[in-house]
Amino acid sequence: MMCVKSVEIIPSPLKGNVKIPPSKSLSHRAIICAGLSEGESHIENIAFSDDIIATLEAMKSFGIIARNSEIDIDGICSVYIKGKGKLELLRNQIDCKESGSTIRFLIPMAGLLGEKVTYTGRGKLVERPLDAYYKIFEEQDIAYYNHEGKLPLSVEGILKPGIFNMKGNVSSQFITGLLFVLPILHKDSKIIITTELESKGYVDLTLDILKKFSIYVENNNYKEFYIKGNQKYKPTEYRVEGDFSQAAFFIVAGILGDEVVCKDLNVASLQADKAILDIAKKMGAKLCVSDDFIKVEKSNTKGIIIDVSQCPDLVPILSVLGALSKGTTKIVNAARVRIKESDRLKAMATELNKLGADVKELTDGLEIHGKEQLNGGIVDSWNDHRIAMALAIASIKCTGPVIIKNSDAVKKSYPRFWKDFEKLGGKINERYMGK
Ligand SMILES: O=C(O)C1=C[C@@H](OP(=O)(O)O)[C@@H](O)[C@H](O)C1
Ligand SMILES: C=C(OP(=O)(O)O)C(=O)O
């Protein structure tokens with residue numbers, strides 16, 4: 001019998017201070033921009049989650065040199081990245097592990113080399129959509145081979161500047177991937193967004209960090225992006241700010257349990273998931289937002305309608321907040337979260353209902369009838385970090401223990417999650433359970 005790592009949580013409120021880990025989205029971007037520069041960049045505040053390791057290793061395969069400082073007791077270090085101003089393929093197999101960002105940000109880089117590059121992955125990544133790129137390869141006569149539409153994917157051919165039509169409602173990660181390489185091509189390009197753009201905040205993060213590395217892109221209201229060719233990335237010093245997607249778990253912990261203070265967040269951040277602050281406030285949460293910290297007090301929240309088209313990663317934790325708020329919460333425009341690390345609508349409806357919640361799965365969202373407390377029980381993370389972390393926070397309001405199977409999934413984005421959970425007073429027993 002296969003055994004999976006599980007945690008048993010004995011319900012208790014969380015209370016205290018937590019230093020929020022560095023933004024995963026910005027870490028990917030900083031590593032890539034540094035790798036495309038000529039010279040050494042210094043990226044401060046990096047945590048080695050599985051997704052970030054995937055991007056760092058992939059960039060090494062593309063010939064960039066990276067070393068890191070000693071890792072401190074919080075699992076944080078600085079990374080020094082030396083780019084050569086051009087890529088050089090040292091290993092033609094790129095293991096993207098389970099990271100959608102890694103594969104979608106790095107596929108266009110094969111187009112800078114013209115050599116055959118093979119991208120591999122695991123878990124749900126093997127089947128997450130890449131069609132937006134296949135369409136470009138077909139238009140540009142770039143050879144590609146996949147396994148019945150799934151990974152591994154091999155790409156061989158030079159990417160040419162030009163006009164790129166991209167849907168805005170599948171994944172913004174394709175737009176970011178193109179935005180990294182088009183500025184280096186020898187002529188100008190234009191990206192035309194053919195539907196309303198979702199996850200806009202992530203494109204904002206890309207444009208902002210590109211600017212920090214001296215690359216300029218003109219944004220015509222998220223409908224068209226004009227990219228001058230022949231630009232050069234310049235190395236820089238960059239500190240990665242705290243991650244609002246991860247802070248969201250502890251912000252909800254504070255609302256449900258006891259006072260929680262989140263540190264190392266930039267309140268002027270462009271991160272899409274900063275939306276958690278407005279959403280929580282609208283639901284009635286008591287938040288104190290200052291330049292140095294965000295303090296959350298235990299609050300009675302009420303259900304509202306939440307459009308998550310711009311902040312899809314908040315769905316798991318918002319469904320927990322909805323399940324424990326008064327009245328009905330509707331999460332709408334969420335169909336895309338079915339193509340993340342798990343089908344997050346099905347996963348949250350199934351697992352929260354096992355704990356005693358009342359969650360109805362809709363085609364493109366969730367309808368949640370809130371309860372004052374949940375029961376507890378045995379649930380599964382679906383091998384998805386955000387499902388594991390959301391269920392851990394739901395345990396705060398359970399009357400009995402919660403066992404989360406596949407609890408190691410958190411390593412994808414937040415390897416220290418369980419340590420931080422315990423530091424705030426969470427009571428955990430680790431165990432192995434049959435699959
Ligand atoms: O660019 C990024 O860093 C990300 C973009 C979002 O994806 P979509 O654009 O597919 O929504 C988000 O869900 C993902 O976790 C990270
Ligand atoms: C969807 C996520 O990441 P990615 O798309 O990079 O796998 C996530 O972190 O929730």
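Ligands are counted one by one from 1 in listed order, and the atoms in each one are counted from 1 as well. Just so it is clear, the structure is predicted and the values come from calculations on it, not from any experiment.
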Only heavy atoms of [X], strictly under 4.0 Å: list the atoms of ligand 2 that pass.
{"X": "R386", "answer": "8 (C), 9 (O), 10 (O)"}
{"X": "E98", "answer": "7 (O)"}
{"X": "H385", "answer": "8 (C), 9 (O), 10 (O)"}
{"X": "R128", "answer": "1 (C), 4 (P), 5 (O), 7 (O)"}
{"X": "D313", "answer": "8 (C), 10 (O)"}
{"X": "Q173", "answer": "4 (P), 5 (O), 6 (O)"}
{"X": "K340", "answer": "1 (C)"}

Measure the distance from [atom] to every protein heavy atom, then report the residue, atom name and distance (to 0.1 Å) of the closest one.
{"atom": "atom 9 (O) of ligand 1", "result": "S172 OG, 2.5 Å"}
{"atom": "atom 6 (O) of ligand 2", "result": "S101 OG, 2.6 Å"}
{"atom": "atom 2 (C) of ligand 1", "result": "Y202 CD2, 3.2 Å"}

Check ion pair [X]-[Y] (N to O, under 4.0 angstrom):
{"X": "K346", "Y": "E361", "value": "yes"}
{"X": "D420", "Y": "K19", "value": "no"}
{"X": "K60", "Y": "E57", "value": "yes"}
{"X": "K228", "Y": "D188", "value": "yes"}
{"X": "R67", "Y": "E40", "value": "yes"}
{"X": "K200", "Y": "D204", "value": "no"}
{"X": "D408", "Y": "K411", "value": "yes"}

Near [X], which atoms of ligand 1 are under 4.0 Å from a heavy atom of that residue?
{"X": "S25", "value": "2 (C), 3 (O), 16 (C)"}
{"X": "S171", "value": "8 (P), 9 (O), 10 (O)"}
{"X": "K340", "value": "7 (O), 8 (P), 10 (O), 11 (O), 12 (C), 13 (O)"}
{"X": "P312", "value": "11 (O), 13 (O)"}
{"X": "S199", "value": "8 (P), 9 (O), 11 (O)"}
{"X": "Q173", "value": "1 (O), 4 (C), 5 (C), 7 (O), 9 (O), 14 (C), 16 (C)"}

Any N/O pair K24/ligand 2 closer than 3.5 Å: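 There is such a contact, yes.
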Heteroatom proximity flag, H28 to ligand 2, N/O under 3.5 Å: no
Kindly compute the distance separating OG1 (T118) from CG (N146), expressed to the nearest 0.5 Å.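 Going from the OG1 atom of T118 to the CG atom of N146 covers 11.5 Å.
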Could you grab the distance from atom CG of L90 to atom CZ of F62, nearest 0.5 Å is fine?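 CZ of F62 is found 10.0 Å from CG of L90.
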Residue part near ligand 1, for R336, under 4.0 Å between non-hydrogen atoms: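 For R336, only side-chain atoms sit under 4.0 Å from ligand 1.
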Is F174 touching ligand 1 with its side chain, its backbone, both, or neither, if touching means heavy atoms under 4.0 Å apart? neither
If hydrogens are left out, which of [options] has an atom nearest to [atom], that is, the closest non-hydrogen atom?
{"atom": "atom 8 (C) of ligand 2", "options": "R336, K124, E341, R104", "result": "E341"}
{"atom": "atom 1 (O) of ligand 1", "options": "E198, R344, R29", "result": "R29"}
{"atom": "atom 7 (O) of ligand 2", "options": "S245, P316, G100, S25", "result": "G100"}

Work out whether the distance between some heavy atom of S99 and some atom of ligand 2 is less than 4.0 Å.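 It does, in that a heavy atom of S99 comes within the 4.0 Å cut-off of ligand 2.
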Output yes when a side-chain donor or acceptor of [X] lies under 3.5 Å from a complementary backbone atom of [Y], and no otherwise.
{"X": "S99", "Y": "C96", "answer": "no"}
{"X": "N45", "Y": "R239", "answer": "no"}
{"X": "E98", "Y": "L125", "answer": "no"}

Residue part near ligand 2, for R344, under 4.0 Å between non-hydrogen atoms: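 The side chain, only.
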Establish, from distance only, whether the side-chain atoms of E241 and S269 form a donor-acceptor pair under 3.5 Å. yes
Less than 3.5 Å between some nitrogen or oxygen of T176 and one of ligand 1, yes or no?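 Such a contact does not occur with ligand 1.
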Let me know which of K24, K412, K274, R344 forms a salt bridge (charged side-chain N to carboxylate O under 4.0 Å, His left out) with D313. R344
Evaluate the side chain to side chain donor-acceptor pair (under 3.5 Å) criterion for residues N406 and S381: first the C-alpha distance (whole Å), next the side-chain angles of each, then the deciding distance (0.1 Å), finally the verdict. CA-CA 6 Å; N406 283 304; S381 75; 4.7 Å; no
For D313 and ligand 1, answer yes if some heavy atom of the residue is under 4.0 Å from a ligand atom, otherwise no.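 A heavy atom of D313 does come that close to ligand 1.
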When R336 is tested against each of S309, S199, S172 for side-chain hydrogen bond (donor to acceptor under 3.5 Å, both in side chains), which residue passes?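 Single pass found, and it is S199.
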